[in-house]
Visitor: 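Take a look at this one; I'll ask things after.
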Amino acid sequence: METVSIVLFLLLAVVVSGAVSRMVPIALPTPLVQIVLGAVIGLSTTHRVTLDPELFLFLFLPPLLFLDGWRIPKDELLKDVSTVVELALGLVLITVVGMGLFIHWMIPAMPLAVAFALAAVVSPTDPIAVSAIAARVPIPKRMMHILEGESLLNDASGLVCLRFAVAAALTGHFAAGPAVLNFLWVAGGGLVIGVAVTLAVTRAKAAVTKRWGEDTGSQILVSLLIPFGSYMVAEHVHASGILAAVSAGVTMTFAEISRQALAETRMRRNSVWDMVQFTLNGIIFVLLGEQLPAILSGAKQTVAMTGHSAPWWLAAYILAIVAGLAALRFLWVWGSLKLTILRKRKGEVLPHSPDWRLIAAMSFAGVRGAITLAGVLTLPLVLNDGTPFPARDLAIFLAAGVIIVSLIVASIALPILLKGLTMPPEPSKQAEEDKARIATAQAAITAIERHQHGLAEGHGDADVYAQAGGRVMDFYRERIEGLDEAQTDRARAQDRLLSQFRLVGIKAERAALNQLVRARSIGSQTAKKLTRELDLSEARHRG
């Protein structure tokens, strides 16, 4: 019962955090509220939540990374892929090496392998925390897409680097040659397994659905199990379960283009995944706050590992790490943006010099969050010989401090920097959306005409079918919704036919939309918007 009570208190804290973050007059990010509520729970009870590191990694990271890979706009990601790769891979490697050496130099008592592990866990960024901070100030869409793409990839790259650093700490040595080969297997195997598992599951699901029909609850449960299945298969063959979860999420986007689920299933599934994402992210930050009292109470013992006695040295180390991360990120972002989206293309003259606030905002947006905490808590408790893992408590303390300080700094600086900030202009999506609406409406009208003629043949009441079909075709021609208050049996029958014709039109619209997506004639954001509209319309007429 004690464990159940703690879990319920954690969930209650997550629920309350959403309301509290909206009530406060300043733009306080939800993660900070969750940390404070977690600290209140930690101070009000003598029980502590202790999770096995591997279990913690397995429970929290696969679904979060899977959802990020699934929902990230693919075409926007490809448009700025060079910037994303530079930030997600290049910056992570520079951070791991540079900050690892810096931390080891600053704290000689921390072994170099552990310093690299700490640098690896503080390298990934958290776009959810950034979104919470910028909720009251509009953030440029293109910047958010870059941050989302960076976070998706640097989560995986940072945790893969963590894996190698921990392996070096456990074994006491690091060989570059075997490490490179192992990295290729870990990364490549994880990516392939994620794709394979997703394709196998979606094809099997489609075959069962085609023969016996679709059960909404089962479909949602399958989507929840895919990231865990991908992770477990990859880890079983010593590949990266993290990369498997990411690639599984990315593959889900393309698998669903050819294997459409019912509109009701998609809408319910989206709601379930929104709840899962909010809950898991919230619990991670509440857990951080819940463990803060114990972490702070052991500050004297923790600082003793560094060779000092005053606890304020820990604060100095945290500020030094945050400053080092900010400086590295600022320099890298400046160079990256100069070489990519801010460079002058042939025949193009930029109207203004690059706004320094753009570079500063991208730099401050490097907030550390759930992935950093989840990663540092996965550090082993003991070495291979049974001795305690060196400086584990110190690494956890410093990582927790970096998360909190980066959130506080960003919550102050980002709203100021983002106010009125614009990214370099990008083409409007309105023409693309209008083109898709015209194409889907034309396909719907053609399909309704065929269905209308087929029903009218051999029936005496041909005018009933013609009138019902005409009403739906008028809807497509004028894009307005009519109200029908008829009470007669004939009108009710016509109502049923109207819904039938409307569903036929929606099916044709969906097929035409899928063709446009496959032909890459429209982007993923436009496709997502129109699919949502079709889902709502289909659910209304089926109901």
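All of these numbers come straight from a predicted model, not from anything done at the bench.
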Visitor: Parallel, tilted or perpendicular: which describes the rings of Trp70 and Trp273, with under 30° parallel and over 60° perpendicular?
Guide: perpendicular

Visitor: Looking at Glu533 and Lys528, is any side-chain nitrogen of the basic one under 4.0 Å from a carboxylate oxygen of the acidic one?
Guide: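 No.
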
Visitor: Considering only NZ, NE, NH1 and NH2 on the basic side and carboxylate oxygens on the acidic side, decide whether Arg329 and Glu150 come within less than 4.0 Å.
Guide: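 The answer is yes: the pair qualifies as a salt bridge.
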
Visitor: Please report the closest heavy-atom contact between Pro111 and Pro390, naming both atoms and the distance.
Guide: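 Pro111 and Pro390 have their closest heavy atoms at CG-CB, 3.9 Å.
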
Visitor: Taking the side chain as every heavy atom from C-beta outward, state whether Phe285 and Val33 have any pair of such atoms under 4.5 Å apart.
Guide: no

Visitor: Is any side-chain heavy atom of Val16 closer than 4.5 Å to a side-chain heavy atom of Leu37?
Guide: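 The answer is yes; the side chains approach within 4.5 Å.
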
Visitor: Ignoring hydrogens and angles, tell me if any N or O in the side chain of Thr279 forms a donor-acceptor pair with the backbone of Met275 under 3.5 Å.
Guide: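 Yes, Thr279 side chain to Met275 backbone: donor-acceptor pair under 3.5 Å.
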
Visitor: Would you say the side-chain atoms of Ser17 pair up with the backbone N or O of Val14, donor to acceptor, closer than 3.5 Å?
Guide: yes

Visitor: If I compare all heavy atoms of Gly366 with all of Thr125, which pair ends up nearest, and what's the gap?
Guide: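 So the two residues come closest at CA-CG2, 3.5 Å.
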
Visitor: Using a 4.5 Å cut-off on heavy atoms from C-beta on, say whether the side chain of Leu280 contacts that of Pro63.
Guide: yes

Visitor: So, do Met99 and Leu118 sit near enough that their side-chain heavy atoms are less than 4.5 Å apart?
Guide: no

Visitor: Before accepting this row, confirm whether a basic side-chain N of the pair Asp535/Arg510 lies closer than 4.0 Å to the acidic partner's carboxylate O.
Guide: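 Salt bridge between Asp535 and Arg510, a charged N being under 4.0 Å from a carboxylate O: yes.
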
Visitor: Are any non-hydrogen side-chain atoms of Met252 and Thr202 less than 4.5 angstrom apart?
Guide: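 In contact.
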
Visitor: Kindly give the heavy-atom pair with the smallest separation between Ile193 and Val237, and that separation in Å.
Guide: CD1-CG2, 3.5 Å

